[in-house]
Each structure stands twice: as structure tokens, then as C-alpha cells.
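Take a look at the structure below.
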Amino acid sequence: MERLRIDLIAAARPNFMKVAPLFHALHGQPWCRVRLVHTGQHYDKNMSEAFFRDLRLPPPDLHLGVGSGSHAEQTANVMLAYERACVADRPDLIVVVGDVNSTLACGLVGSKLHITVAHLEAGLRSRDRNMPEEINRLVTDTVADILWTPSPDGDENLLVEGVAANKITRVGNIMLDSYELMRDAIEASAARDKLGLRAHEYGVVTLHRPSNVDEPEPLAALVRQLKAVGARLPLVFPVHPRTRKNLEAFGLWPELAQAPGLTLAEPLGYVDFMNLVCGARVAITDSGGVQEETTYLGIPCLTLRTTTERPITVTEGSNRLVATDALARTVEDILAGRWRHGRKPALWDGHTAARVVADIRRRLLREADGAAVADARQAAGVA
Ligand code: UD1
Ligand code: UDP
């Protein structure tokens, strides 16, 4: 039987927990062959390899080794390398996840080669085109043939933009599948104990958005606020490489590292990081994924941004957008118990990968004879 050849594209830290549940759901199915592709956008051990280990992924079948660069360099280098890979061994379906440069690059390559492209986490919009991710989301969703959305706002955004309804399937939030898959290991992790933290008596911080960390003044203002919060509530801050580089370049690192109540750490693996999040009194972040994970766990989240492409975490979840200069006083609200814990959005339930697999089968397999259809694009009715 001819098997459906599926490429799963992973590139950067937030991709790995979106790809892993789908990999595990597809691996070993007789009707498909999965090729795990790593573009190499993130390459430090603690930004990449640690996640393969934690999420029990095998080494990638194909590593494009692209690395860092300007937006154009990085996007173009992924396109060049991935186009060659597709020409050498053509997949029937390319699954891209999230909103990083590699998502856009591989989506474009597939589309130009007339290979079916599916976007997992489609339809999210911050409406802030200064964010590189917003451009990546818009373009990826334009070229994708299948759009898997995490929440109703995703469907609505796509429909308003003119995407045909039959291309869209709401599957829920795949990030939380990783959480459920790894829940036992997360609970067993000693990360919190190793840092001498007691459950519900500390906050966890992550920051990496260019708007927060690339210019000296916004970053200095954040440092001032984090110091003020640290004086009230111990904070642990695993520092993203972009942020570390800039804290050092702007001369802010020593001040932050020496501030009472603040513990700076290297980026953590998924299991240890989620162990910290689970026990946190508050998360302070500009991450997309952390907004979702805290909503799922009912943990107060302060997002240091003016917009979010994940509005459901604010309307239904435990997230709130906060300006930098309001950070310390908003933490006081949380410490005083003035906070809404919210609820889990529909289909954020740990079963998203199964819905994705069912949708692939429905769209791309001819069930009548059980055979994978060679021209998946035609089969999907999207050629
Ligand atoms: C990227 C994504 C962003 C995502 C984030 C998750 C884009 C445009 N940005 O941002 O959407 O939220 O990943 O973490 O795709 N670096 C290292 N080691 C690494 C990776 C990066 O030192 O393993 C440093 C390099 O100096 C690099 C910088 O971090 O230039 C930025 O890396 P890059 O992948 O371009 O963007 P991120 O800020 O990581
Ligand atoms: N994360 C991690 N270790 C860290 C920081 C983050 O494992 O030190 C995980 C966490 O699960 C988070 C995910 O990485 O949801 C997303 O990564 P990031 O914030 O880098 O990207 P974004 O979601 O903003 O695109």
C-alpha cells in the first residue's frame, strides 16, 4: 500500500511541544510515513535538543542546520534547504506549526511545489504587523491548504480574510497535549526544589519579544519593574538567548543578576520549566505558549504586551495584558487575591493530536480501498 508521506516541520523552541504530540500520534500508523524535519532555527542544546529528549522525540530525520540570521537570511536559507529536501524526496503533506520564520519558509516552499500544506495553530491574529510573527501567520495562512485552528477566534479571523470554510478544522490547542503527555514527568521534576522554591510562593518570568528586549530603554524599564516585584515575591527567570545577549550588551545583566529575590537561569527544558510554571503564583511573560499553558492551569499570567493573538486567554483564561510600568502594582493585585482564574477553553483538552490525525485521514485518504492517495493535494480538493 502506498503510504501518505508527511513532513513535520520543527524549528524553534515553541514548535517542539506542538510537533511532539502529532509525531507520537502518527508514528507507527501503517498508512503514513512521517519525516521529522528540523530547520535548525534554534540550535543551542537548551533551546532544541533538550526538547527532543523531554518530549521523547527521536533525532530528526532531516536537519537543515540553518541557524540564526536576519529575517530575510533565515527565511531564505530555510527555503533553499527545504526546497532541495522536497525535490529529493517529495512529501504528500507538509505540516507547519506556529508562527516562526521557518513556518512561513516551509509553507511557501510546499505551496510553490504544489504540495499540500497544513498549518497547525492557524488563524491567530494580534493585528500588530510590527511583530514578525504576525506577518508569518498571515502569509502562512494564505498559502496553507488545510488550516487547523485552536479556538473560535481563529476560524472567525480566517473567514473574514476570505479563507474557504472547508479548509478550516477547529482541532483545539496541541500545546496542552504535550502537557498531558508529560504530566507525570512534570510533577516528578525536581526543578522547583533545586531552586529552593516553595509552591505558590514565587513567580516565573520569560521575556524574548523584540519589542521588549531589543532596545535599551524598554528593557531597562522591565529590569526596574522586575526588581520591584522581586522585592515582594521571589522570581525565577530562565533567560532566552536573545534577551541575555541584550541584557549584557546594554549593561543591565549585573544589576538584574544581583537583585534580591531574583534568580536568573539558563533556558530550561520543557519538563523542568513546566514544573516551575505549575507551582507559580504568577507568570510574567511575553511568550505565546506561556499565555496558553497558564490559562490551561488556571495560573495568573501577566503578559507584557499591548496585544495578543491569543485573546481567548484573556476573555476566558487567566491572562491579562499589562504595560511595563504597571507590572509591580498588578502583581500586588494578585498577591492580594484580586484575580480571575478563568476556565479552560473548549478543545484545550489534550486530545488535539487525535483530532488532527482524524482530519488528515478524512481529507487525504481514500478510505474505500484504504490506500493513501498519491496526489494528496488533489484528494484534498484544494488543487
Ligand atoms: C524566535 C521566533 C519567535 C518565537 C521564539 C521562541 C521568529 C521570527 N521568531 O524568536 O516567534 O517566539 O523564537 O523562542 O521566527 N539564539 C541563540 N541560540 C539559539 C537560538 C537563538 O543564541 O539556539 C540567539 C541568536 O543570537 C539569535 C537570537 O537568539 O540571533 C534570536 O533567534 P531567532 O531564532 O532569530 O529569534 P527568537 O528571538 O529566538
Ligand atoms: N519553555 C521552556 N523553557 C523555558 C521557557 C519556555 O520549556 O525556559 C517552553 C514553554 O512551554 C513555552 C514554550 O517554551 O510555552 C514557548 O516558547 P517561547 O516562549 O520561546 O515561544 P513563543 O510561545 O512565545 O513563540
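We use all heavy atoms of the structure for the numbers below, so side chains are in, but hydrogens, waters and symmetry mates are not. Positions are given from 1, in the same order as the sequence printed here. Being a predicted model, the structure only gives us computed values, none of them experimental.
- The heavy-atom pair separating I284 from V229 by the smallest distance is CD1-CG1, 4.3 Å.
- Using a 4.5 Å heavy-atom cutoff, the side chains of V95 and I6 are in contact.
- For the 3.5 Å distance criterion, the side chains of S68 and Y43 qualify, holding a donor opposite an acceptor.
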task = Please lay out, stage by stage, how R53 and E49 fare under the test salt bridge (charged side-chain N to carboxylate O under 4.0 Å, His left out).
result = CA-CA 6 Å; R53 187 196 58 223; E49 204 182 303; over 6 Å; no
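- The pair R355-D349 meets the salt-bridge criterion, with a side-chain N (NZ, NE, NH1 or NH2) lying under 4.0 Å from an Asp/Glu carboxylate O.
- In terms of heavy atoms, R281 sits closest to H200 at CD-O, 3.3 Å.
- The one candidate from E292, E293, K344 that meets the side-chain hydrogen bond (donor to acceptor under 3.5 Å, both in side chains) condition with N173 is E292.
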Residues 8-22 side chain polar contacts: donor-acceptor under 3.5 Å, at least two apart:
| residue | atom | partner | partner atom | Å |
| --- | --- | --- | --- | --- |
| N15 | OD1 | A11 | N | 3.0 |
| N15 | OD1 | A12 | N | 3.0 |
| K18 | NZ | E121 | OE2 | 2.8 |

message = salt bridge (charged side-chain N to carboxylate O under 4.0 Å, His left out), that's the test. Do D61 and R35 meet it? Break it down for me.
response = CA-CA 6 Å; D61 298 296; R35 181 166 70 165; over 6 Å; no
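- Residue pairs meeting the side-chain hydrogen bond (donor to acceptor under 3.5 Å, both in side chains) criterion with at least one member in residues 77-87, sequence neighbours excluded, are D7-Y82.
- Using a 4.0 Å cut-off between charged side-chain N and carboxylate O, D333 and R329 make no salt bridge.
- Residue L120 is not grouped with residue V100 when hydrophobic side chains (ILVMFWY) are merged at heavy-atom distances under 4.5 angstrom, including chains of intermediate members.
- Contact check for R363 versus I146: side-chain heavy atoms found under the 4.5 Å cut-off.
- Between L252 and L219, the closest side-chain pair of non-hydrogen atoms falls below 4.5 Å.
- The CG atom of D155 sits 9.5 Å away from the CG atom of L147 when rounded to the nearest 0.5 Å.
- Annotation: R90, atom CZ; neighbour count of heavy atoms from other residues, nucleotides and ligands within 6.0 Å is above 12.
- No more than 12 heavy-atom neighbours from other residues, nucleotides or ligands sit within 6.0 angstrom of CZ on R232.
- Cluster membership check: L181 shares its hydrophobic cluster with V271, using side-chain heavy-atom separations under 4.5 Å among Ile, Leu, Val, Met, Phe, Trp and Tyr.
- Counting all heavy atoms, side chain and backbone alike, P91 lies closest to I115 at O-CG2, 3.4 Å.
- When each of V282, T295, I334 is checked for a side chain to side chain contact (heavy atoms under 4.5 Å, CB included) with S318, only T295 meets the rule.
- How far SG of C86 is from CG of L113: 6.0 Å, rounded to the nearest 0.5 Å.
- Placement of V96 and V66 within a single hydrophobic cluster is found when ILVMFWY residues are connected by side-chain heavy-atom separations under 4.5 Å, directly or transitively.
- Between F52 and H38, the two ring planes are parallel [angle under 30°; tilted spans 30° to 60°].
- The heavy-atom pair separating V236 from L195 by the smallest distance is CG2-CD1, 3.8 Å.
- A 6.0 Å sphere centred on CD of Q29 holds more than 12 heavy atoms belonging to other residues, nucleotides or ligands.
- Contact check on D214 versus R209 returns no salt bridge, with no Lys/Arg side-chain nitrogen under 4.0 Å from an Asp/Glu carboxylate oxygen.
- With contacts defined as side-chain heavy-atom distances shorter than 4.5 Å, the pair T103/H119 qualifies.
- In the hydrophobic clustering of ILVMFWY residues, with side-chain heavy atoms under 4.5 Å counting as a link, L138 and V163 come out apart.
- No single ILVMFWY cluster, assembled from side-chain heavy atoms under 4.5 Å apart, contains both F237 and I299.
- A 4.5 Å side-chain heavy-atom check between T116 and D92 finds every atom pair outside the cut-off.
- In this model, a donor atom of one side chain and an acceptor atom of the other lie less than 3.5 Å apart for T308 and Q291.
- Environment of CD in E201: crowded, with over 12 heavy atoms of neighbouring residues, nucleotides or ligands closer than 6.0 Å.
- Between E316 and R343 there is a salt bridge, with a side-chain nitrogen of the basic residue lying less than 4.0 Å from a carboxylate oxygen of the acidic one.
- Minimum heavy-atom separation, A353 to D177: N-OD2, 2.7 Å.
- Between V213 and N246, the shortest heavy-atom contact is O-ND2, 2.9 Å.
- L235 places none of its side-chain heavy atoms less than 4.5 Å from the side chain of V204.
- Below 30°, between 30° and 60°, or above 60°: for Y179 and Y296 the angle between ring planes is above 60°, a perpendicular geometry.
- No salt bridge links D286 with R305; every basic N to acidic carboxylate O contact stays at or beyond 4.0 Å.
- Between I174 and W348, the closest side-chain pair of non-hydrogen atoms is not below 4.5 Å.
- Screening residues 219-231 for side-chain hydrogen bond (donor to acceptor under 3.5 Å, both in side chains), with sequence neighbours left out, gives E217-R224, K227-E255.
- To the nearest 0.5 Å, atom CH2 of residue W339 and atom CG of residue L302 are 4.5 Å apart.
- Note that the CG atom of N46 and the CG atom of L268 stand 8.5 Å from one another [nearest 0.5 Å].
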task = Begin from the C-alpha positions of D141 and R137 and carry the test salt bridge (charged side-chain N to carboxylate O under 4.0 Å, His left out) through to its verdict.
result = CA-CA 6 Å; D141 286 345; R137 293 179 200 116; over 6 Å; no
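- For the pair T75 (side chain) and H71 (backbone), a donor-acceptor distance under 3.5 Å is present.
- For R170 and W148, the positive end is not near the middle of the six-membered ring at less than 6.0 Å and at most 45° from its axis.
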